[in-house]
Amino acid sequence: MKKILFILFITAFSYSQESKNYFVLLTSDPMVNPSSAMMSINTASEALNQGHNVIYFAAGDGVKIFIKDVIQNLHNVTFHGGNSSNLSKRMELMLNEFSANGGIIHASEGSFLTYGVTQENSSDILIDILNLNWSYPKELIELSSGADLIFSY
């Protein structure tokens with residue numbers, strides 16, 4: 001009986017340590033719901049740090065998280081972080097580290113167009129993300145359907 005319990009414990013532990021595919025979706029406006037924006041970034045970063053495969057996808061109003069004037073002013077619309085610019089800097093740094101460390105970032109090109117952002121003018125408007133994939137609903141469906149876990153903010 002002890003042997004069976006030990007095998008069950010080892011099997012459960014091994015399964016819990018398997019790498020999973022995470023899909024983190026941000027559709028909330030960061031200036032209206034900064035907590036959702038911050039949680040999406042923190043969740044994606046933590047999953048990646050734990051060794052999982054992570055796709056971070058911003059669509060709708062969520063694409064605003066990549067706009068310099070938005071992410072650099074998150075601290076002005078929330079009390080999290082003591083209303084200090086350190087919070088905004090930390091969120092931008094986390095997105096950059098996420099991308100640099102193998103996290104995959106997608107953003108809705110159609111949603112960006114709503115805010116006047118195109119691939120041609122993006123370097124003037126957006127924060128510098130290492131690998132930003134410009135995507136559409138087709139990619140949203142394809143990528144999310146391959147996930148083991150989906151978080152939506």
Side-chain angles (χ1 to χ4, degrees), residues 14-153:
S14 297
Y15 181 73
S16 68
Q17 299 300 311
E18 276 183 27
S19 178
K20 296 192 182 328
N21 296 314
Y22 281 68
F23 186 84
V24 179
L25 176 64
L26 176 64
T27 58
S28 298
D29 185 331
M31 298 308 278
V32 174
N33 193 348
S35 294
S36 287
M38 293 183 300
M39 281 303 302
S40 71
I41 295 167
N42 281 309
T43 301
S45 295
E46 182 59 30
L48 187 67
N49 289 341
Q50 289 185 18
H52 300 289
N53 303 310
V54 185
I55 295 172
Y56 184 89
F57 201 115
D61 293 331
V63 297
K64 291 171 69 176
I65 196 63
F66 300 118
I67 297 176
K68 290 176 193 176
D69 289 339
V70 172
I71 195 165
Q72 293 171 355
N73 284 291
L74 274 181
H75 66 282
N76 290 320
V77 294
T78 183
F79 292 111
H80 295 291
N83 206 18
S84 159
S85 64
N86 290 336
L87 172 76
S88 298
K89 291 174 187 171
R90 189 169 66 244
M91 291 299 108
E92 185 174 351
L93 179 64
M94 285 179 84
L95 278 173
N96 283 314
E97 287 177 348
F98 175 81
S99 179
N101 293 327
I104 299 170
I105 298 179
H106 285 261
S108 168
E109 187 164 359
S111 298
F112 269 143
L113 287 173
T114 321
Y115 298 104
V117 180
T118 64
Q119 290 189 44
E120 290 75 31
N121 68 9
S122 63
S123 62
D124 297 328
I125 300 169
L126 304 181
I127 59 174
D128 188 28
I129 294 290
L130 184 61
N131 294 310
L132 179 63
N133 296 287
W134 295 70
S135 302
Y136 281 94
K138 177 184 177 191
E139 289 82 11
L140 174 65
I141 298 303
E142 288 173 356
L143 295 168
S144 64
S145 67
D148 296 313
L149 297 157
I150 297 175
F151 291 86
S152 181
Y153 296 93

**Intermediate values then yes/no, side-chain contact (heavy atoms from CB on, under 4.5 Å), Asn42 and Met91** = CA-CA 8 Å; Asn42 281 309; Met91 291 299 108; 4.0 Å; yes

**Request:** Report the C-alpha separation of His75 and Ser88 in whole Å, then their side-chain angles, then the decisive distance to 0.1 Å, and conclude whether the side-chain hydrogen bond (donor to acceptor under 3.5 Å, both in side chains) test is met.
**Result:** CA-CA 6 Å; His75 66 282; Ser88 298; 2.6 Å; yes

**Request:** Apply the test side-chain contact (heavy atoms from CB on, under 4.5 Å) to residues Phe112 and Ser122: give CA-CA distance (whole Å), side-chain angles for both, the deciding distance (0.1 Å), then the verdict.
**Result:** CA-CA 9 Å; Phe112 269 143; Ser122 63; over 6 Å; no

**Asked** Which is it for Tyr153 and Thr43 under the side-chain contact (heavy atoms from CB on, under 4.5 Å) test, yes or no, and what are the steps along the way?
**Response** CA-CA 10 Å; Tyr153 296 93; Thr43 301; 2.8 Å; yes

**Message:** Checking Thr114 against Val63 for the side-chain contact (heavy atoms from CB on, under 4.5 Å) test, could you report, in this order, the C-alpha distance in whole Å, the side-chain angles of both residues, the deciding distance, and whether it holds?
**Reply:** CA-CA 10 Å; Thr114 321; Val63 297; over 6 Å; no

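Side-chain contact between Val24 and Ile55: absent, with no pair of heavy atoms (C-beta onward) separated by less than 4.5 Å. Counting heavy atoms from C-beta outward, Leu130 and Ile105 have side chains that stay 4.5 Å or more apart. Annotation: side chain of Leu140 is in contact with side chain of Leu25 (closest heavy-atom distance under 4.5 Å).
Contacts classified as salt bridge (Lys or Arg N to Asp or Glu O under 4.0 Å) and involving residues 62-86 (residues at least two apart or in different chains) are given here: Asp29-Lys64.
Distance check: Asn21 CG to Asp148 CG gives 5.0 Å after rounding to the nearest 0.5 Å. Note that CG of Leu95 and OG of Ser40 are 7.5 Å apart. Values are rounded to the nearest 0.5 Å. Separating the OG atom in Ser111 from the CH2 atom in Trp134 is a distance of 11.0 Å, to the nearest 0.5 Å. In this structure, Tyr115 OH and Phe66 CZ are separated by 13.5 Å, a value rounded to the nearest 0.5 Å. Annotation: the span from Glu139 atom CD to Glu109 atom CD amounts to 9.5 Å, rounded to 0.5 Å. The CG atom of Asn49 lies 5.5 Å from the CD atom of Glu46; values are rounded to the nearest 0.5 Å.
Note on ring orientation: taking the six-membered ring where Trp is involved, the planes of His106 and Phe57 are parallel (angle under 30°, cut-offs 30° and 60°). Using the six-membered ring where Trp is involved, Tyr22 and His52 have ring planes that are tilted, between 30° and 60° apart.
The backbone N or O of Gly60 lies less than 3.5 Å from no partner atom in the side chain of Ser108, so there is not a single donor-acceptor pair. Distance alone, capped at 3.5 Å, places no donor-acceptor pair between the Ser45 side chain and the Phe98 backbone.
Here the options are Ile67, Val77, Thr78, the test is side-chain contact (heavy atoms from CB on, under 4.5 Å), and the partner is Met31; only Val77 passes. Tested against Leu126 for a side-chain contact (heavy atoms from CB on, under 4.5 Å), the candidates Ile65, Val70, Val117 yield a single pass: Val117.
Scanning all heavy atoms of the two residues, the minimum distance from Leu48 to Gly103 falls at CD2-N, 3.6 Å. Shown here for Asn53 and Ser19, the closest heavy-atom pair between the two residues is ND2-OG, 3.8 Å.
With sequence neighbours excluded, the residues that form a side-chain contact (heavy atoms from CB on, under 4.5 Å) with Glu92 are Ile71, Gln72, Asn96, Ile127.
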